[in-house]
Amino acid sequence: MPISKNRWVTSGTETAEEPAPIIEEQPAFVATGPSRPQSSVPPPDQADRLPRWNTTGREPGFWWLGVHGGAGETSLARLDKTTKAAEHHWPITEAGSTVILVARSNIPGLRAAQRAATEWASGSVPGIHVSGLVVMADAPGRLPKEIRDYSRIVGGGVPHLWHFPWVDPWRYGHDISTEDLPKEARTVLDQVRIAVTAAGSPAK
């Protein structure tokens, strides 16, 4: 089945210095898409929307929202106790909620992320601010070109896009500290915090 672009994304003897390593899967920390809902985006069908829940208790710094089962929201929340997993729901609060979407690096996962991004971009979930999308590696090694290209399309519908590398201990159900994560993963977490802080409080 062909993948179509998201309709709401615009499209001598001298000593030489050793070049810095290039991590192709992790782009520079720049905005990839709109920072707020767009009036031109139509709301998705009801069947394509994520469920919602009214949260209670102390609010986290931000929420990890897995847009499908097994996305990795719980694993990410365990790395930072000031955050919480949204349990695949939009977290509705009186003060508003900041959310990072989470999806696996496969076509079904990215399609689910695209649906969630569309729902947010249409203004269908007031009080929610999406600060970006984290695409979690679903296998070790380099992502196929088709997946990389599609993730860029989906990332064009949210403020920021990050690729989180494969973490082998998670495959076996082992917890891992932030310090033991690959450098690229720690960079993603740092950039997510910067993006959330820069966004400030979500719009009501």
Side-chain angles (χ1 to χ4, degrees), residues 6 9 20-36 50 60-68 70-80 82-86 88 97-121 128-170 176-200 202:
N6 192 322
V9 178
I22 298 174
I23 303 175
E24 186 172 344
E25 300 300 342
Q26 187 57 49
F29 182 44
V30 296
T32 58
S35 60
R36 62 183 63 247
L50 287 172
F62 62 90
W63 299 84
W64 302 101
L65 199 172
V67 297
H68 58 84
E73 59 171 25
T74 301
S75 297
L76 290 171
R78 286 174 178 163
L79 295 172
D80 185 347
T82 68
T83 69
K84 288 183 181 180
H88 316 298
S97 300
T98 298
V99 165
I100 298 292
L101 302 179
V102 185
R104 285 290 171 182
S105 60
N106 52 49
I107 296 300
L110 291 171
R111 284 179 177 150
Q114 191 171 39
R115 291 192 295 269
T118 302
E119 185 176 0
W120 166 73
I128 296 289
H129 176 75
V130 172
S131 285
L133 166 66
V134 172
V135 177
M136 304 284 286
D138 68 335
R142 181 181 174 82
L143 286 176
K145 182 179 184 298
E146 181 182 22
I147 302 294
R148 295 198 309 272
D149 291 347
Y150 192 25
S151 67
R152 293 188 188 103
I153 293 172
V154 177
V158 294
H160 300 286
L161 170 69
W162 299 277
H163 288 274
F164 200 94
W166 178 256
V167 179
D168 203 55
W170 285 346
I176 185 171
S177 67
T178 303
E179 293 74 18
D180 292 330
L181 287 171
K183 181 180 179 181
E184 184 187 354
R186 298 196 305 272
T187 298
V188 170
L189 294 176
D190 288 343
Q191 292 184 356
V192 166
R193 295 186 192 100
I194 292 170
V196 169
T197 301

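Just so you know, these numbers come straight off a predicted model, no measurement behind them.
Atoms CG and CD1, on Asp138 and Ile147 in that order, are 7.0 Å from each other to the nearest 0.5 Å. For the atom pair CG of Leu110 and CZ of Arg115, the computed distance is 10.5 Å after rounding to the nearest 0.5 Å. Here the NE2 atom belonging to His68 is positioned 10.5 Å from the CG atom belonging to Leu50, to the nearest 0.5 angstrom. Of the inter-residue distances, the one linking Ser75 atom OG with Met136 atom CE reads 6.0 Å to the nearest 0.5 angstrom. A distance of 13.0 Å separates CZ in Arg78 from CD1 in Ile176, rounded to the nearest 0.5 Å. Taking NE2 from His88 and CD from Glu73, the interatomic distance works out to 4.5 Å, rounded to the nearest 0.5 Å.
Using a 4.0 Å cut-off between charged nitrogen and carboxylate oxygen, Asp149 and Lys145 count as a salt-bridge pair.
Residues Asp180 and Ser177 bring a donor and an acceptor atom of their side chains to less than 3.5 Å of each other. Looking at Trp63 and Thr98, their side chains never bring a donor and an acceptor atom within 3.5 Å of each other.
Nearest heavy-atom pair, Ala117 versus Val158, reported as atom, atom and distance to 0.1 Å: CB-CG1, 3.7 Å. A pairwise comparison of heavy atoms in Arg104 and Ala137 identifies NH1-O, 2.8 Å as the closest pair. Annotation for Ala71 and Ala103: closest pair CB-CA, 4.1 Å, computed over non-hydrogen atoms. Considering all non-hydrogen atoms of both residues, Ile153 and Gln114 come closest at CG2-NE2, 4.3 Å. The shortest non-hydrogen separation linking Ser131 to Ala195 is OG-O, 4.3 Å.
Counting heavy atoms from C-beta outward, Val192 and Phe62 have side chains that approach closer than 4.5 Å. Looking at heavy atoms from C-beta onward, Val134 lies in side-chain contact with Trp64 at the 4.5 angstrom threshold. Taking 4.5 Å as the limit, every side-chain heavy atom of Leu189 sits out of range of all side-chain heavy atoms of Asp80. Proximity of Leu181 to Leu79: side-chain heavy atoms (C-beta onward) are separated by under 4.5 Å at one or more points. Counting heavy atoms from C-beta outward, Val154 and Leu161 have side chains that stay 4.5 Å or more apart. A heavy-atom distance below 4.5 Å is found between the side chains of Val102 and Leu76. Between Trp162 and Thr187 the shortest side-chain heavy-atom distance does not fall below 4.5 Å.
Between the His163 side chain and the Arg148 main chain, no donor and acceptor come within less than 3.5 Å of each other. Put simply, the side chain of Ser35 never gets that close to the backbone of Pro159: no donor and acceptor are under 3.5 Å apart. When atom types are taken as modelled, the side chain of Arg186 and the backbone of Thr178 share no donor-acceptor pair closer than 3.5 angstrom.
Taking the six-membered ring where the residue is Trp, the centroids of Trp166 and Phe164 are separated by 6.0 Å or more.
The only member of Asn106, Leu143, Val135, Ile107 that meets side-chain contact (heavy atoms from CB on, under 4.5 Å) when paired with Tyr150 is Ile107.
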Intermediate values then yes/no, side-chain contact (heavy atoms from CB on, under 4.5 Å), Val188 and Asp190: CA-CA 5 Å; Val188 170; Asp190 288 343; over 6 Å; no
